[in-house]
Amino acid sequence: MKKFLLASILICGVGFTKAQPVLKQNEDIIISTGTKSTDLIYKVNKSDGRLYQVYLGSKLGSVADITQFKASGHLAYATFGTDNLFEPAIRMTHNDGNPSLELKYVSHNIEKPSEDITITAILLRDPEYPVDVTIYIKSYIQEDVIEQWTEIVQKEANPVTIYNYASSMLNFDANKYWLTQFHGDWAKEMKMQENELTSGIKILDSKLGTHAHMYQTPVFFLSLNEKSDETNGELIAGTLGWSGNFQFLFEVDEKGSLRVISGINPFASEYIVQPGKSFKTPSFIFTYSNHGKGLASRNLHHWAANYGIMDGKGTRLTLLNNWETTYFNFNEPKLVSLLNDTKKMGLDLFLLDDGWFANKYPRNDDRAGLGDWQENKAKLPHGLGYLVKEADSVGVKFGIWIEPEMVNPKSELYENHPDWILKLPNRPENYFRNQLVLDLTNPKVQEFVFNVVDGMLTKYQGIAFIKWDCNRMMTNGYSVYLKDKQSQLYVDYVNNLYSILERLRQKYPHFPMMLCSGGGGRVDYGALRYFTEFWASDDTDPLERVYIQWGYSYFFPAFAVCNHITSWGKQSLKFRTDVAMMGKMGYDLKVNELTENELKFSQEAIANYKRLSDIIWHGDLYRLISPYDENRAVLTYVSNSKTKAVLFAYTLNSRFRESFLPVKLQGLDPAGKYNVKEINTFPGEKPSADNGTYTGDYLMKIGLNIGTGAPLTSTILEISE
Ligand code: GLA
């Protein structure tokens, strides 16, 4: 009997059967969760009734080993106020003023909504107070990704305040811990930095409210024992699906154990839970890899395509945007000429950016008009409908920019609804980009924001794309609507943004939308459930972009990272194009100023991109040479069948007569014979790579000489079996 139950646990762990989930050995309760390669195992201590995390790592080889675990040491979800000496995952005060919480195991339940997914819900309860906490572990078996969140339900007589409410707490025992973070600023997103964690606490967080990821994207790698690289090392890659203030807290204790607590930033955010109500935390999403960062990225990419990003398996539109070529200065004839340029280039869609709206205070710069979403009559005398029709007759689609959560003080919206705006009483208004944030906690504002989008899409059914921007953080934040619950502002804002997006998605389930926040100020899997892609940065200098896109590639798939070819930087058009092509390519360039050769090159590049985009978007990414290690960057995307690959190589800088070693590929079939052909060559220029036929084995063991070595040059190879 014992044998049978042990076996059933492991089977349950890989998610293939409806096997008995609970192993009872002398009343011990073991809860085994995990994916095809990872085990995350909990055990209830039968003497104190608490839940402990006993294992997180690669799949255990021996079923019997599970029985050896001691349920002690690492609490699964540490509380505050009783005997926990370290950072808690949860803290609250009860109706009678008791500031402590104790959580004991009650039961657990395993659901299997699909072959690929297992949801384990572990119910914990305070023995003295009517407070329940359920820990959810959603395992994506094939993708090797785990999503965790919690739900807190209180049934006390009066409201209860929760101060900390993490989505996940994970424990590790390793000799050393290496944390890789991705920080930045406007136009400097995703700068990678790796440091060893020392005793005590390290926090990565945001307190910006909106535009929340401007200084720090909510992603990290945590390498165990040693630093990991692309192919070696044990690590987790973690990210929080939350578009507001987040916190990742890493605490190394006196024994050298590490506690990682992830969730909404508890900073200035105590939340009042009404009797009988629940509070649900956002998802912490992670993957464990014992083969380095490359595998971790591919796991996340597969998960994002299958589950994490709106229409992750679908196609994306190539586009021409007018922001950097016209800024606010355009009129109807100019836009019609851009529609024609879109067609001439072979692109799918023209995206009209900021500046098309507002009349009393026209949007001719960023100082006025935000909030007044009516076509500006001087610039668009025939309205958006005319442009939509023109686009249709030219044979391209039409998309539009909006920033519906924001308002300029110089606007009719501001004049008519001062109470819809977040601002402190008795303090001067505080501006960033001359604007303020609307109060999304107010249902009237939610309706307004919904209608900005819905009104436009209903009136002009030909609109085929939206770029949704959000250009400032919250400062002096105060909501008239929230009255005495100001500390809920940060949380309620984001949850209400999600409900607006949810409502829009019910009505427009597959409408493509680009997430933007002054560049990459809002990039997370909470928002990406509703968006098909995101604008990675306002910095479009391709040299900078190599690093920015490299950073995003660790956590987000290529089809979601929008890269535009612009006139930033002094690099050749070829270099700019080749850099944009490694993700979701678009243009923001004066097409009418291209030379004949440049136009021909661009048309061919777009055709190449369309031909190869399925591999770039849905193939497996192998980062081969990092720009953080060398004066070049090289990566490939390999199709799932391994019959096709696209390689991107960029020489960034080079010292006097610097030579580079051959690039060894990854992910190919060693027995396969591959034809290697350089594409995207500029008219009149010779190929710079070893074109020819090679076995996969040769390409992976010996490699190819790629590139001329000259600074700011690039090579794209099409590799076909
Ligand atoms: C933000 C975006 C840009 C552009 C401008 C328009 O900065 O990131 O791409 O849309 O707003 O004002």
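In listed order, ligands and their atoms are each counted from 1. Just so you know, these numbers come straight off a predicted model, no measurement behind them.
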Return the set of residues passing side chain to side chain donor-acceptor pair (under 3.5 Å) with Lys360 (not counting sequence neighbours), or none when no residue passes.
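Checked Lys360 against side chain to side chain donor-acceptor pair (under 3.5 Å); matches are Glu415.
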
Nearest protein heavy atom to [atom], by residue and atom, and its distance?
atom: atom 3 (C) of ligand 1; result: Asp538 OD1, 3.4 Å
atom: atom 11 (O) of ligand 1; result: Asp469 OD2, 2.9 Å
atom: atom 12 (O) of ligand 1; result: Asp354 OD2, 2.6 Å

Could you label the plane-to-plane angle of the [X] and [Y] rings as parallel, tilted or perpendicular, counting under 30° as parallel and over 60° as perpendicular?
X: Phe350; Y: Phe398; answer: tilted
X: Trp468; Y: Phe531; answer: perpendicular
X: Trp323; Y: Phe328; answer: perpendicular
X: Phe556; Y: Phe534; answer: perpendicular

Using distance alone, decide if ligand 1 has a nitrogen or oxygen within less than 3.5 Å of any nitrogen or oxygen in [X].
X: Asp353; answer: yes
X: Arg433; answer: yes
X: Gly519; answer: yes

Those atoms of ligand 1 less than 4.0 Å from some heavy atom in [X]:
X: Trp535; result: 8 (O), 9 (O)
X: Lys467; result: 3 (C), 4 (C), 9 (O), 10 (O)
X: Gly518; result: 1 (C), 7 (O), 8 (O)
X: Cys516; result: 2 (C), 8 (O)

Report yes or no: does Glu403 have a heavy atom closer than 4.0 Å to ligand 1?
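No; Glu403 lies far enough from ligand 1 that no heavy-atom distance drops under 4.0 Å.
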
Under the 3.5 angstrom rule, does the side chain of Arg522 hit a backbone N or O of Met214 as a donor-acceptor pair?
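No; judged by distance alone, with no hydrogens or angles, the pair does not exist.
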
Does ligand 1 have a heavy atom under 4.0 Å from the side chain of Glu324, from its backbone, from both, or from neither?
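For Glu324, there is no contact with ligand 1 at all, from either part.
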
Tyr552, Tyr554, Tyr628 screened by ring pair (Phe, Tyr, Trp, His ring centres under 6.0 Å) with Phe182, the one that passes
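Of the listed options, the one satisfying the test is Tyr554.
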
Applying the side-chain contact (heavy atoms from CB on, under 4.5 Å) test to Thr577, which of Tyr609, Tyr587, Phe682 qualifies?
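Result for side-chain contact (heavy atoms from CB on, under 4.5 Å) with Thr577: Tyr587.
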
